[in-house]
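Along the sequence shown, the residues carry numbers beginning at 1.
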Amino acid sequence: MKARDHARIPVSWNTSPHGGFTSGKPWMRVNDDFPTWNAASQVDDDNSVFTFWKRVLGTRKQYDVLVYGDFTLLFPEHEQLFAYTRCLKAGTVALVIMNFSKKELEFRGPLPQIQGAGGESLAWDGFEYVIGTTGRPESLFVGEGLTLKPYEGHMYISHPK
């Protein structure tokens, strides 16, 4: 039987001994960088992973479409681009676009039609920016394509008219 301990480490909560994980002796050592990378250091940092996920979870609570909307994958054959919509019968549509690679993505070609709840076509540039990994992009959509930096992702909402 193989152990899983090599794939995970104790959480570094703060800068105290053993990263605040325990006051006793941990069964495995904490990462050497725990004084810099720990949960407490991220709480007040607007650019931290903690703050990003706090915003993402708040966004999910704000928009029912992200929880209850019907899922449609937009580029099923693309290995680098993960894009989908979620759509509510009430008309709200969420568009999520992510580059899952370490290379910049320049996708060219016809963009697929995005369907609203009533079957109407929605324009790609008709969505309102909500949240992303790099802040609001200057121009995600360029003509008949889109450009994303490595590991960049964004979410947009189209409200019913």
Side-chain angles (χ1 to χ4, degrees), residues 2 4-12 31-34 36-161:
K2 292 184 178 183
R4 297 186 312 169
D5 282 348
H6 67 282
R8 50 191 184 163
I9 59 171
V11 172
S12 298
N31 223 356
D32 294 335
D33 63 359
F34 78 87
T36 304
W37 293 100
N38 59 70
S41 71
Q42 294 196 20
V43 171
D44 293 324
D45 180 356
D46 288 341
N47 295 314
S48 70
V49 172
F50 172 85
T51 301
F52 173 76
W53 281 105
K54 186 176 173 181
R55 283 195 304 261
V56 167
L57 293 172
T59 300
R60 185 175 186 268
K61 289 179 182 179
Q62 183 179 354
Y63 295 99
D64 285 346
V65 67
L66 298 174
V67 178
Y68 304 110
D70 293 334
F71 175 90
T72 303
L73 187 61
L74 297 177
F75 300 94
E77 303 300 321
H78 204 289
E79 293 183 15
Q80 190 176 347
L81 177 64
F82 183 55
Y84 64 91
T85 60
R86 299 217 49 180
C87 182
L88 282 178
K89 289 185 177 23
T92 304
V93 178
L95 169 63
V96 178
I97 302 170
M98 296 176 278
N99 178 359
F100 272 18
S101 82
K102 61 184 175 182
K103 297 178 182 174
E104 181 171 282
L105 168 67
E106 289 188 28
F107 181 82
R108 299 294 173 252
L111 297 172
Q113 287 292 318
I114 299 175
Q115 300 288 318
E120 73 281 6
S121 292
L122 301 173
W124 278 73
D125 59 0
F127 284 81
E128 173 187 331
Y129 176 79
V130 176
I131 193 169
T133 56
T134 59
R136 186 181 184 97
E138 287 184 30
S139 60
L140 179 66
F141 307 109
V142 181
E144 289 279 316
L146 55 94
T147 302
L148 291 168
K149 296 176 185 136
Y151 304 111
E152 183 176 11
H154 298 283
M155 189 192 84
Y156 300 83
I157 295 286
S158 175
H159 298 285
K161 297 186 172 149

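- How far CG of N99 is from OG1 of T133: 9.0 Å, rounded to the nearest 0.5 Å.
- At least one side-chain heavy atom of L66 sits less than 4.5 Å from a side-chain heavy atom of T59.
- Between Y156 and V93 the shortest side-chain heavy-atom distance does not fall below 4.5 Å.
- Side-chain contact between H154 and L148 is present, with heavy atoms from C-beta onward closer than 4.5 Å.
- The nearest pair of heavy atoms linking Y63 to M155 is CD1-CE, 4.4 Å.
- In terms of heavy-atom proximity, N47 sits nearest to D45 at N-OD1, 2.9 Å.
- For L105 against Q80, the heavy-atom pair with the smallest separation is CB-NE2, 3.6 Å.
- The distance from the OH atom of Y151 to the NZ atom of K103 is 10.5 Å, given to the nearest 0.5 Å.
- Ring pair F75/H78 is perpendicular by interplanar angle, where above 60° counts as perpendicular and below 30° as parallel.
- The two residues S41 and T36 come nearest to each other via the heavy atoms OG-O, 3.2 Å.
- Here the CE-CG distance, from M98 to L81, works out to 9.0 Å after rounding to the nearest 0.5 Å.
- Atom CG of residue L95 and atom OH of residue Y129 lie 12.5 Å apart, to the nearest 0.5 angstrom.
- Considering all non-hydrogen atoms of both residues, L74 and Y84 come closest at CG-CA, 4.0 Å.
- Remark: D33 CG is packed, more than 12 non-hydrogen atoms of other residues, nucleotides or ligands lying under 6.0 Å away.
- In this structure, L88 and Y68 have side chains that are in contact, with non-hydrogen atoms separated by less than 4.5 Å.
- Considering only heavy atoms from C-beta on, E79 stays 4.5 Å or farther from F100 through its side chain.
- Atom CD1 in I157 sits 11.0 Å away from atom CD1 in I131 (nearest 0.5 Å).
- Residues meeting the side-chain hydrogen bond (donor to acceptor under 3.5 Å, both in side chains) test with T51, sequence neighbours left out: S48.
- The minimum heavy-atom distance linking F52 with G132 is given by the pair CE1-O, 3.6 Å.
- Note that the CZ atom of R60 and the CG atom of D64 stand 10.0 Å from one another [nearest 0.5 Å].
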